[in-house]
Number of protein chains: 2
Amino acid sequence: MPATIRDVARLAGVSPSTVSRALSMPEMVNAATRARVAAAVEQLGYQPNRAARGLITGRTGNIGLVVPDLANPFFASVAKGVQARARRYDVAVFVADTDEDAAAEVGLVRALAKQVDGLILCSPRASDADLSAIAQDTNVVLVNRTAEGVPGIIYDNEGGMRQAVAHLVALGHRKIAWVGGPVTSWSTQHRTLGLSNALYDHGAELARVGSFAPTYEGGMAAADQAVATGATAVVTYNDLVAIGLLARLHARGISVPGDVSVVGIDDIAMSRMARPALTTVRLPKQEAGRIAVELLLAVLDDPDPGTAIGTRGTLHGELIVRDSTGPAPQP
Amino acid sequence: MPATIRDVARLAGVSPSTVSRALSMPEMVNAATRARVAAAVEQLGYQPNRAARGLITGRTGNIGLVVPDLANPFFASVAKGVQARARRYDVAVFVADTDEDAAAEVGLVRALAKQVDGLILCSPRASDADLSAIAQDTNVVLVNRTAEGVPGIIYDNEGGMRQAVAHLVALGHRKIAWVGGPVTSWSTQHRTLGLSNALYDHGAELARVGSFAPTYEGGMAAADQAVATGATAVVTYNDLVAIGLLARLHARGISVPGDVSVVGIDDIAMSRMARPALTTVRLPKQEAGRIAVELLLAVLDDPDPGTAIGTRGTLHGELIVRDSTGPAPQP
DNA sequence: TTGAAAGCGCTAACAA
DNA sequence: TTGTTAGCGCTTTCAA
């Protein structure tokens, strides 16, 4: 049986409210009393019951994080960032894995919403309509997705694509294949657009392939179509796809970067272990998690939707050049 | 403002207690009233406040999961398994990442303990003493670790090592190097023992190397020492280490499996993407998470420590043969 | 089968 | 500066 505030009060010879104050607004209580309370707390190993506190303050001190797939290293990193920052603020984190299922996502969000002060939705698969509905009656911060009037963090996909293209063009590539991810994915749309714009600016040619699943298997499936376009370089939706593509090219005896260059996006840990090590656009993953927490906490302190609309962070990617890109082959 | 039980009661024309009963013990309430309540619940989108319920029942419907590092694919998989099973029971999961820090672990556990019905501790780094103290006043299930009188799931490390050895011996290997993980790691001890026993049974020789960090870098560091032993095969603490080792061997121009065979443990997703694809002992990761939830729920229903002691599951590994193992080279 | 009342652990007015 | 009182949303005796 854990100690309650009354146990502490009795031991310290004060009233429960004094204990409460000593803990949450120490400056409003006499130093001597404060010390007695502190001693009693120490002796009893007292820790306030957050649920009870939440009942009355309306703040639970808990937040929720919803991701499509924890086994995906990208989301695992974001989750780690969220954890780290939440811990600093003494906030506990519910994590829910939706298994890439939009319906499950909505259900989990509804269930969690009652128990937390706010929710971080990372790359949510739900429809814009569902998302807006959720944001209506819950404090929400979006990561890797935008929605009307909902604060969030996004990556500068256009900028990342521009860096990748500049690199490839400098190497002499003039026709570049793009292996897109899920059509419904917000990132796919923006990356496609960014790539297309950057290539246009350089007077280079884009060859679209896909969409394919954002997985290793997706990459294997995409490889043959990508080379069939005659492109000398391939940019993929993410690193997992790039690595699958690498495997298939290797199996077919196509040399990377000799015959074709490959660029991924994300920079997951696996990428530098690939052979050849993967050139990729590094996205700050843990940082996204950390900022999301900051943003959410800010929203909680000022839930005015007017302010929230302006609260949107953009994170920039960084091109990491490794061994999978090289000069375009001479025809 | 979410609907409360009183709103539902008013709308249904009954008392709050009747609503409560209709929801948690439906058979004790008239079918007609039950229907009215159900309608009101539906109309208001009512969802009971778990915190309030927990205050009185002593059960929150939440559990906690504590892992050393979410970015480690092994733990991410366990977490995913926990999620999936918890969802089935309508239980929400707090996740805490300790960053491989034993002190942080104890702190996080203490903080979480008050908010949950029970805790799943996966590969905890805390001392036996701390662990026992925690288990004293909290419902705990251990994964990948044992402690006196605490229920848990472990892997059959000995059995896994026996399979790996049988495979290598059949390929003609007579001297096998073992790259151990952290000395304080429970698994390291059991894997070392299992390997040693299995080799003894086959009349083969063990060459110990390490310990090394359980990471890609650890594997790179271990590679040279492992080959210097003159062993024709290497077994590593986990797949990450094996993949790092593979990279270093490749850099040195040592052929796998031509010159030396390599076996990992875990079967993380990355392993089949390695080149050569990694032979490994697959550990059922998500299943460990699922069983841990079942175990914890069972403990909650019957917190008798006498029963708990008997409650220990063992999961078996499965040898997955890929391209990193082959016949021992002829001298 | 239903309702009234008490109370879970805590905080926030309001008095003192 | 401190204590008293009321009540957050819910469940659970106890009566009716």
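Numbered from 1 within each chain, the chains take letters A, B, ... in sequence-line order.
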task: Specify the separation, in whole Å, of atom CG of A/Leu23 and atom P of C/dA12.
output: 12 Å
- request: For the pair B/Lys80 and A/Asp69, find out whether any cationic side-chain nitrogen is under 4.0 Å from an anionic carboxylate oxygen.
  value: yes
message: Does B/Glu42 have more than 12 heavy atoms from other residues, nucleotides or ligands lying within 6.0 Å of its CD?
response: no
- prompt: How does protein reach along nucleotides 1-6 of chain D, written 5' to 3' as B (base within reach of a heavy atom under 4.0 Å), S (only sugar-phosphate), or - (no contact)?
  reply: SBBB--
field: Atom pair distance, as rounded to whole Å: CZ in B/Arg59 and P in D/dG9
entry: 24 Å
Euclidean distance, atom CZ of residue B/Arg36 to atom P of C/dT1 [Å, nearest integer]: 15 Å
- line: In whole angstroms, the gap separating P of C/dA4 from CZ of B/Arg6 amounts to 11 Å
- request: List the steps, then state whether side-chain contact (heavy atoms from CB on, under 4.5 Å) holds for B/Leu300 with B/Leu297.
  value: CA-CA 5 Å; B/Leu300 296 183; B/Leu297 263 24; 4.1 Å; yes
field: Carboxylate-amine/guanidinium contact A/Asp130 A/Arg110, below 4.0 Å
entry: no
query: Taking it one step at a time, do B/Thr4 and B/Asn49 satisfy side-chain contact (heavy atoms from CB on, under 4.5 Å)?
result: CA-CA 8 Å; B/Thr4 78; B/Asn49 179 324; over 6 Å; no
query: Could you state the NZ-C1' distance from B/Lys114 to C/dG9, rounded to the nearest angstrom?
result: 13 Å
Interatomic distance where CE belongs to A/Met25 and P belongs to C/dC10 [whole Å]: 17 Å
Atom CZ of A/Arg59 with >12 non-hydrogen neighbours under 6.0 angstrom: yes
field: Separation of atom CG in A/Leu55 from atom P in C/dG9, rounded to whole Å
entry: 12 Å
Nucleotide C/dC10, atom P - distance to CG of A/Asp7 in whole Å: 9 Å
- request: Identify which nucleotide among D/dC10, D/dT11, C/dT11 has an atom closest to any side-chain atom of B/Ser20, counting heavy atoms from C-beta outward.
  value: D/dT11
